Amino acid sequence: MDSLIKIVALCGVVLILQALYTRYYGGLSAIPGPPSASFCNLWKVLAVYHNDMPRRNMAAHRKYGPVVRIGPNTISFSSPEALHTIHGSRQAYPKSDFYKPTSAMFEGAPLLNMFSTQDVKYHSSLKKRVGGLYTKAAVLRLEPKIDGCVSMFTRKIEALVPKDATIRLDMSLWVHLFAFDCLGELNVSKKFGFLESGRDINGMIEGSDRALIKTGLYAQSPILQWMRWVVETAKGPGMIDPVMKVSKSQQESSVTTPDYCIVMAGHDVLAVTIRAVLYYVARHPAVEEKLRAELAILGPKTAPFSEITKLPYLDAVIHESLRIHGNLGLVNERVTPPGGAIIDGYHIPAGTVVGVNPWVIHRNNSIFGEDVETFRPERWLDEPEEIIMDMKRNLFSFGAGPRMCIGKNIAMMQLYKFITEFYRNYKVKLAEPEKEWHVVGNWVTKQTGMDMLLTRAKGCEV
Ligand code: HEM
């Protein structure tokens with residue numbers, strides 16, 4: 001018993017000494033931040049646990065400046081220079097262990113995909129193989145499929161909204177049903193049936209939300225990450241195992257793995273963006289009026305993408321929604337290379353987790369102006385050209401550099417098409433404007449609590 005107490009006491013002393021060293025002598029000791037963050041990950045864990053990371057991360061930058069230590073080995077940056085160095089340049093840093101759980105597991109080992117891989121060479125070889133499928137020109141072939149999904153959404157809602165009546169709908173759910181069905185249509189030419197049934201099928205949306213929340217939370221500390229890995233491994237084979245067994249025998253595993261990632265990517269962040277547009281436009285009737293006036297110039301038929309991308313106010317509303325409501329609420333984590341790096345005047349040792357949180361950079365006054373908390377699409381139209389270019393360069397909603405979203409062109413087409421048809425067909429109001437929506441301030445910043453009152457717009461024909 002005596003020796004057990006001695007061992008526990010010894011471990012305690014070692015941990016305390018290590019914490020003191022990390023705080024006062026480690027290579028990051030000069031960087032300001034919340035006091036606890038310099039020796040343990042509690043600050044990050046609590047911020048995510050309370051679904052409050054975007055707000056706390058922004059507040060930390062207001063208090064401590066452009067470079068903030070938010071964990072013993074994690075630094076959050078807020079400047080455009082840091083964004084460029086860490087994420088945007090050709091030599092952008094590799095992803096951190098945060099991304100490990102975003103690989104499916106097969107026979108006890110992670111199946112690396114384009115999103116999850118930390119290996120720069122493997123990533124670049126994957127991207128070379130499939131990148132051509134996602135260029136602006138290439139995704140035009142998907143326009144009819146996206147049109148099909150948008151008109152299915154419109155038909156479903158039309159069936160729920162009788163002429164001259166107003167109906168209350170949970171738009172948080174309905175846009176996710178659209179996003180999931182669109183994912184099916186684009187990937188396997190088949191809608192999954194979410195819109196048809198008008199609800200989550202087999203708990204897929206709920207399951208995906210849970211997985212994203214867990215990934216965001218457990219990744220805040222290596223110990224939690226390890227515990228999650230143990231639990232997930234103990235659960236045994238998942239959905240991907242039988243697929244991989246077939247693929248392996250056909251020498252296709254290298255194709256199946258990136259496909260798996262693209263099939264899983266995009267529905268939740270697309271839904272987050274559409275919700276942001278709907279919510280902020282509903283809160284700003286003058287914006288809605290201008291948007292409707294612009295859309296009124298379109299003919300009665302579904303407008304082609306090439307035409308709607310020329311509508312300046314629609315473009316400004318989408319950019320402003322992407323800015324004010326970052327899809328991801330955490331620092332997009334990267335790791336400094338061997339030899340370390342100089343970022344924003346600090347020497348950051350090799351192996352440090354560094355990055356930028358979209359919420360933080362999108363509220364940088366030097367880029368987006370003094371009124372960053374205000375939803376003002378006009379900022380994308382009225383400012384001098386070089387300021388607008390600078391805002392576009394620093395809009396981080398789709399990431400930046402080599403690890404930027406490969407699906408951005410598809411996502412933009414989905415957004416433009418959905419928003420155009422939605423406002424052409426419906427008038428919308430928040431059902432309870434006195435209430436704020438609820439935002440999950442974790443990794444993907446999902447919003448709920450946005451019931452809306454829908455009425456058919458005049459001349460709406462589907
Ligand atoms: C509005 C919709 C979307 C948004 C806001 C969005 C946002 C993002 C962001 C921010 C990243 C970088 C994440 C990070 O570095 O941590 C990313 C990566 C990625 N996205 Fe999207 N995405 C959207 C839709 C899509 C769609 C439709 C697809 C499917 C084709 C897709 C596929 C991917 C892939 C494969 C990556 C990994 C790219 C790489 O590491 O090279 N995304 N996305």
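What you see is a predicted model; the values in this text were computed from it and never measured. Counting starts at 1 for both ligands and their atoms, in listed order.
- Each of the following atoms of ligand 1 lies closer than 4.0 Å to a heavy atom of Gly407: 26 (C), 28 (C), 30 (C), 31 (C), 32 (C).
- For the pair His176 (side chain) and Ile205 (backbone), a donor-acceptor distance under 3.5 Å is absent.
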Please evaluate residues Lys446 and Asp268 with respect to the criterion salt bridge (Lys or Arg N to Asp or Glu O under 4.0 Å), reporting the C-alpha separation (whole Å), side-chain torsions for both, the decisive distance (0.1 Å), and the verdict. CA-CA 8 Å; Lys446 180 172 178 170; Asp268 32 43; over 6 Å; no

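- The closest non-hydrogen atom to atom 22 (N) of ligand 1, taken over Ala400, Ser124, Ser96, Cys405, comes from Cys405.
- A cation-pi arrangement is present between Lys95 and Tyr99 under the rule of less than 6.0 angstrom and at most 45 degrees off the ring axis.
- Considering all non-hydrogen atoms of both residues, Ile31 and Val68 come closest at CG2-C, 4.0 Å.
- Assignment of Glu333 to the shell around ligand 1 is not supported, since no heavy atom sits closer than 4.0 Å.
- Within the 3.5 Å criterion, the main-chain N or O of Phe115 finds a donor-acceptor partner in the side chain of Arg403.
- The shell of residues lying under 4.0 angstrom from ligand 1, judged by heavy atoms, excludes Phe98.
- At a 3.5 angstrom cut-off on N or O pairs, Met114 counts as close to ligand 1.
- No salt bridge links Lys301 with Glu307; every basic N to acidic carboxylate O contact stays at or beyond 4.0 Å.
- Counting only non-hydrogen atoms, the option in Ile406, Val331, Asn327, Asn113 that gets closest to atom 5 (C) of ligand 1 is Asn327.
- Using a 30° and 60° split on the angle between ring planes, Phe418 and Phe178 fall in the tilted class, from 30° to 60°.
- Of all non-hydrogen atoms in Ile324 and Tyr280, the two that sit nearest each other are CG2-CE1, 3.5 Å.
- For ligand 1, the polar-atom distance check finds no N/O of Thr273 at less than 3.5 Å from any of the ligand's N/O atoms.
- The atoms of ligand 1 that sit less than 4.0 Å from any heavy atom of Met404 are 38 (C).
- Met413 does not count as a contact of ligand 1, since none of its heavy atoms falls under 4.0 Å from the ligand.
- Every atom of ligand 1 with a heavy atom of Gly399 under 4.0 Å away is listed here by number and element: 10 (C).
- The shortest N/O to N/O separation between Lys127 and ligand 1 does not fall below 3.5 Å.
- Heavy atoms of His87 stay at 4.0 angstrom or farther from ligand 1.
- Within the 4.0 Å heavy-atom criterion, the part of Lys95 lying near ligand 1 is the side chain and not the backbone.
- At a threshold of 4.0 Å, the pair Lys191-Glu196 does not count as salt-bridged, since none of the basic side-chain nitrogens sits closer than that to a carboxylate oxygen.
- For the residues Met412, Gln414, His123, the heavy atom positioned nearest atom 39 (C) of ligand 1 is part of His123.
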Test salt bridge (Lys or Arg N to Asp or Glu O under 4.0 Å) applied to Lys417 and Glu143, step by step: CA-CA 9 Å; Lys417 290 259 156 180; Glu143 189 169 355; 2.7 Å; yes

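- Residue Pro358 does not touch ligand 1, judged by heavy-atom distances below 4.0 Å.
- Using bins of under 30°, 30° to 60° and over 60° for the plane-to-plane angle, the ring pair Phe153/Trp174 lands in the perpendicular bin.
- Under a 4.0 Å criterion applied to the non-hydrogen atoms of Gly266, ligand 1 contributes the atoms 24 (C), 25 (C), 26 (C).
- With ligand atoms numbered from 1 in the order given, ligand 1 contributes 14 (C), 15 (O) to contacts under 4.0 Å with heavy atoms of Arg334.
- Every atom of ligand 1 with a heavy atom of Leu270 under 4.0 Å away is listed here by number and element: 1 (C), 2 (C).
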Anything under 3.5 Å between a donor and an acceptor, one on a side chain of residues 310-317, the other on a protein residue two or more places apart or in another chain? List them.
| unit_1 | atom_1 | unit_2 | atom_2 | d |
| --- | --- | --- | --- | --- |
| Tyr313 | OH | Glu378 | OE2 | 2.7 |
| Asp315 | OD1 | Tyr416 | OH | 2.2 |

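- Considering backbone and side-chain atoms together, Ser397 places no N or O closer than 3.5 Å to any N or O of ligand 1.
- Contacts between Leu183 and ligand 1 below 4.0 angstrom, taking non-hydrogen atoms only, are absent altogether.
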